[in-house]
Number of protein chains: 2
Amino acid sequence: MEQSVTDLCREFGLRLTGPRRIIMQVLFDSSDHPDVVELHRRVTAIEPTISLATVYRTVNLLREKGVLERHTFGDGRARYETTPREHHDHLINVETGSVIEFQSEEIERLQEEIARKHGFAIVSHKLEIYVRPLKRGRSRT
Amino acid sequence: MEQSVTDLCREFGLRLTGPRRIIMQVLFDSSDHPDVVELHRRVTAIEPTISLATVYRTVNLLREKGVLERHTFGDGRARYETTPREHHDHLINVETGSVIEFQSEEIERLQEEIARKHGFAIVSHKLEIYVRPLKRGRSRT
DNA sequence: TCTCAGATGCGTCGCATTCGCAAAAACATC
DNA sequence: GATGTTTTTGCGAATGCGACGCATCTGAGA
């Protein structure tokens, strides 16, 4: 883990600074989808002097480099996750706000097909399914 | 058209005011996905005294009532369209910002299946495919 | 150790959106 | 049509997220 932060900085020609080290560490240790303020909370729990601006700068940097993905679920604010090796989409529980990841090769394939049919190539895509728990007995399947 | 504005206000217990009448009219006459500022532009072309705040309040009201759908394509600002009878999703051309609507029953069905498999019912969903024109000769299909 | 481009913290700015409030307009009632 | 009550409106100020400018600080190569 610590190693990967060092490697990443080297790879992108970034200086391995104290704030950067901590922010990246927090990012890699987070398995949820925190927003910038939440990240700042976690970071300042470790090193209270790190400013919000630096967190913003760091996530932007890492997003440009493809290390992070940015999402905007319903509300306005941006939330981040480390780029997964396998692309996935999200189920968002509207009652709790919790996010579940899923994959569907079939949906991906259909998207590809639709884009091609319209004369386009896919740059990226976003599928968010807002859901609510089934009342009782998930009857079928 | 004019009739439907009257009906809508009655249905939701809203007063049929001058600004409201014009804003709703502009919304129903728009077949694209205007943002609030663009809506305000169109509205003030008819009645220059209507304020931006009123446009904001009206679109929020109509969104709560399910009359409008709000989208946020990439950029920060919200864009609106009247709720279509048939649900559709969007292809966004990243080079021009233009939006193309499409439908895929197959994708809808797969989403339904995924949600159910996780023990959820779908409340709503959003699929945005960001695309770029194919260079030359859309070879297949 | 010295140097200096890159990084940071702080304060400020910009944009989209919301809010508070007094004045104006709508609807129900007479 | 005048009256009273409640909702809307316009205005300007406030908010929230995110970005920026600048002076200061610091990592890492010479």
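Lettering of chains follows the sequences in order, A, B, ..., and the numbering in each one begins at 1.
Take the nearest nucleotide of DNA chain D for B:R57 and for A:T17: the residue whose nucleotide is more 5' is B:R57. Position along DNA chain C of the nearest nucleotide to B:G18 versus B:R77 favours B:R77 as the more 5'-ward residue. Nearest-nucleotide positions on DNA chain C for B:Y80 and B:R15 put B:Y80 closer to the 5' end.
Atom pair A:L52:CG and C:dT12:P shows a separation of 16 Å (rounding to whole Å applied). At whole-Å resolution of the value, CZ in B:R20 and P in C:dA24 are 19 Å apart. Spacing between atom CZ of B:R70 and atom P of C:dA16 amounts to 14 Å, rounded to whole angstrom units. Residue A:H40 contributes atom NE2, which lies 12 Å from atom P of C:dT8 at whole-angstrom precision.
Residues A:H87 and A:E101 have side chains that never bring a donor and an acceptor to within less than 3.5 angstrom of each other. Checked by atom type, the side-chain pair B:E47/B:T49 shows a donor-acceptor distance below 3.5 Å.
Of all the heavy atoms in B:V5 and B:R21, the pair that sits closest is CG1-CA, 4.1 Å.
In terms of phosphate contacts, B:N60 brings no side-chain nitrogen or oxygen within less than 4.0 Å of OP1 or OP2 of C:dT17. Close to C:dT17, at under 4.0 Å from its OP1 or OP2, lies a side-chain N or O of B:Y56.
Between B:I100 and B:N93, every side-chain heavy-atom pair lies at or beyond the 4.5 Å cut-off. Taking 4.5 Å as the limit, every side-chain heavy atom of B:V67 sits out of range of all side-chain heavy atoms of B:T82. With contacts defined as side-chain heavy-atom distances shorter than 4.5 Å, the pair A:H88/A:F102 does not qualify.
Rounding to the nearest 0.5 Å gives a distance of 10.0 Å between CG of B:L110 and CD of B:E108.
With C:dG9, C:dA25, C:dA7 as the choices, the nucleotide that has an atom nearest any side-chain atom of A:L14 turns out to be C:dA7. Checked against C:dG9, C:dC19, C:dT17, the side chain of A:T49 finds its nearest nucleotide in C:dG9.
Read 5' to 3', the first and last nucleotides of DNA chain D with an atom closer than 4.0 Å to a heavy atom of chain A are D:dC17 to D:dA28.
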